[in-house]
Amino acid sequence: MRLWLASAARGAKNRVVARDVQSRNGKVSREIERKFLLKRLPPNLRRFHSRTIEQGYLSVKTDGTQIRLRKSGRRHSLTIKRGRGLSRQEIEIDLTRDQFEELWPATAGCRLTKTRYDVPFGKHTIEIDVYRGRNEGLVVAEVEFRDEREYRCFQPPDWFAAEVSGKSRYSNVRLARE
């Protein structure tokens with residue numbers, strides 16, 4: 001299946017195609033996460049699984065809707081995020097390498113690169129993002145949760161610093177644009 005983005009004149013048809021892609025390929029979920037700056041990196045960070053992530057944004061709307069392309073290792077995806085605040089809708093669609101490469105030029109000027117480390121912490125995985133390029137030096141940690149109770153009860157490790165959840169300065173969209 002060839003994934004494409006069409007003009008507004010074909011908008012109704014696109015909604016049908018998007019529903020079809022979503023029902024066969026996409027994962028629809030709620031994203032509940034917290035984001036933190038770090039006092040220091042955890043010991044032996046390099047021993048944890050890591051990967052380079054390149055992502056770019058095709059569309060960002062004022063209502064919080066974002067359409068993102070991401071390459072992580074050999075995996076390519078298109079993600080639609082909707083909403084703001086604690087819980088957001090997230091639809092993720094796997095792409096072929098060719099589909100990704102065809103869409104990637106449309107993200108010019110709105111991209112970022114980071115190395116992500118997966119650090120086990122109790123029943124959670126802390127994702128530590130070490131940014132490159134114009135965001136060099138920024139390091140943040142994100143933790144995803146199954147529900148709001150888990151979100152509220154989370155006790156961060158002592159190497160976490162200030163929580164920056166919901167602060168636009170640390171959103172990937174803003175980091176990709178600046």
Side-chain angles (χ1 to χ4, degrees), residues 1-35 37 49-118 125 127-144 164-178:
M1 174 190 289
R2 182 175 173 84
L3 183 67
W4 51 274
L5 300 176
S7 69
R10 294 182 290 194
K13 183 177 180 182
N14 281 354
R15 283 189 288 281
V16 172
V17 170
R19 276 195 305 272
D20 186 47
V21 169
Q22 177 182 329
S23 66
R24 287 190 273 145
N25 180 3
K27 296 176 271 179
V28 180
S29 61
R30 300 298 299 174
E31 176 186 67
I32 302 173
E33 68 181 13
R34 291 174 71 182
K35 187 181 284 194
L37 298 177
H49 177 261
S50 69
R51 62 206 169 278
T52 297
I53 294 175
E54 295 177 67
Q55 66 188 47
Y57 291 85
L58 293 167
S59 177
V60 179
K61 295 185 176 182
T62 56
D63 68 356
T65 301
Q66 303 168 2
I67 302 175
R68 173 189 79 199
L69 289 176
R70 177 182 276 178
K71 177 182 175 185
S72 178
R74 291 183 174 186
R75 185 164 185 255
H76 302 84
S77 61
L78 181 141
T79 303
I80 302 167
K81 293 188 178 194
R82 292 187 182 128
R84 296 184 186 279
L86 168 65
S87 177
R88 301 173 65 192
Q89 182 185 43
E90 184 175 90
I91 302 167
E92 190 166 83
I93 301 166
D94 290 327
L95 299 177
T96 66
R97 190 174 123 244
D98 288 343
Q99 289 170 324
F100 176 87
E101 288 178 1
E102 187 169 322
L103 293 169
W104 186 247
T107 67
C110 198
R111 297 178 182 162
L112 61 80
T113 303
K114 58 190 176 182
T115 301
R116 174 167 286 172
Y117 295 87
D118 297 322
T125 297
E127 296 174 333
I128 297 178
D129 290 338
V130 178
Y131 289 86
R132 298 192 205 158
R134 63 181 172 247
N135 297 302
E136 187 84 31
L138 177 62
V139 179
V140 299
E142 292 183 359
V143 183
E144 291 196 17
V164 293
S165 302
K167 295 192 177 182
S168 65
R169 167 68 188 99
Y170 298 98
S171 75
N172 282 315
V173 169
R174 185 161 174 189
L175 294 171
R177 286 178 160 174
E178 295 181 346

Legend entry - Taking every non-hydrogen atom, the tightest pair across Y131 and N172: OH-OD1, 2.6 Å
Inset, instruction - Check the side chains of T52 and R132 for a donor-acceptor pair under 3.5 angstrom, ignoring hydrogens and angles. - result: yes
Legend entry - From R97 atom CZ to E102 atom CD, the distance as rounded to the nearest 0.5 Å: 13.0 Å
Inset, instruction - Kindly compute the distance separating SG (C110) from CZ (R174), expressed to the nearest 0.5 Å. - result: 12.5 Å
Legend entry - K114 and L138, any side-chain heavy atoms less than 4.5 Å apart: no
Legend entry - From CD (E101) to NE2 (H76), nearest 0.5 Å: 6.0 Å
Legend entry - For T65 against I80, the heavy-atom pair lying closest together: CG2-CG2, 4.5 Å
Inset, instruction - Using atom types as modelled and distance alone, determine if a side-chain donor or acceptor of R34 lies under 3.5 Å from a backbone N or O of S165. - result: no
Legend entry - I53 CD1 to T113 OG1 distance, which is reported to the nearest 0.5 Å: 10.0 Å
Legend entry - Qualifying residue for side-chain contact (heavy atoms from CB on, under 4.5 Å) with L175, from V140, N135, D129: N135
Inset, instruction - May I ask you to say whether D118 pairs ionically with R51, meaning some side-chain N is under 4.0 Å from a carboxylate O? - result: yes
Legend entry - Closest approach of W104 to R111 (non-hydrogen atoms, all atoms of both residues): O-NH2, 2.9 Å
Legend entry - Heavy-atom pair with the smallest gap, counting every atom of R88 and G64: NH2-O, 3.3 Å
Legend entry - Pairwise distance CD(Q55) to OG(S72) - rounded to 0.5 angstrom: 9.5 Å
Inset, instruction - Locate the shortest heavy-atom distance separating L103 from L78; write the atom from each residue and the value. - result: CD1-CD1, 4.3 Å
Legend entry - Least distance between heavy atoms, F100 atom then K71 atom: CZ-CB, 3.6 Å
Inset, instruction - Please determine which of R70, K81, R30 meets the salt bridge (charged side-chain N to carboxylate O under 4.0 Å, His left out) test together with E90. - result: K81
Legend entry - Main-chain N/O of Q99 paired with T96 side-chain donor or acceptor, under 3.5 Å: yes
Inset, instruction - State whether a side-chain donor-acceptor pair under 3.5 Å links R68 with T79. - result: yes
Inset, instruction - May I ask you to check whether over 12 heavy atoms, not counting those of R134, lie within 6.0 Å of atom CZ? - result: yes
Legend entry - Close side-chain approach of R116 to E142, heavy-atom, < 4.5 Å: yes
Inset, instruction - Look up atom CG in L112 and atom OG1 in T107, then write down how far apart they are to the nearest 0.5 Å. - result: 10.0 Å
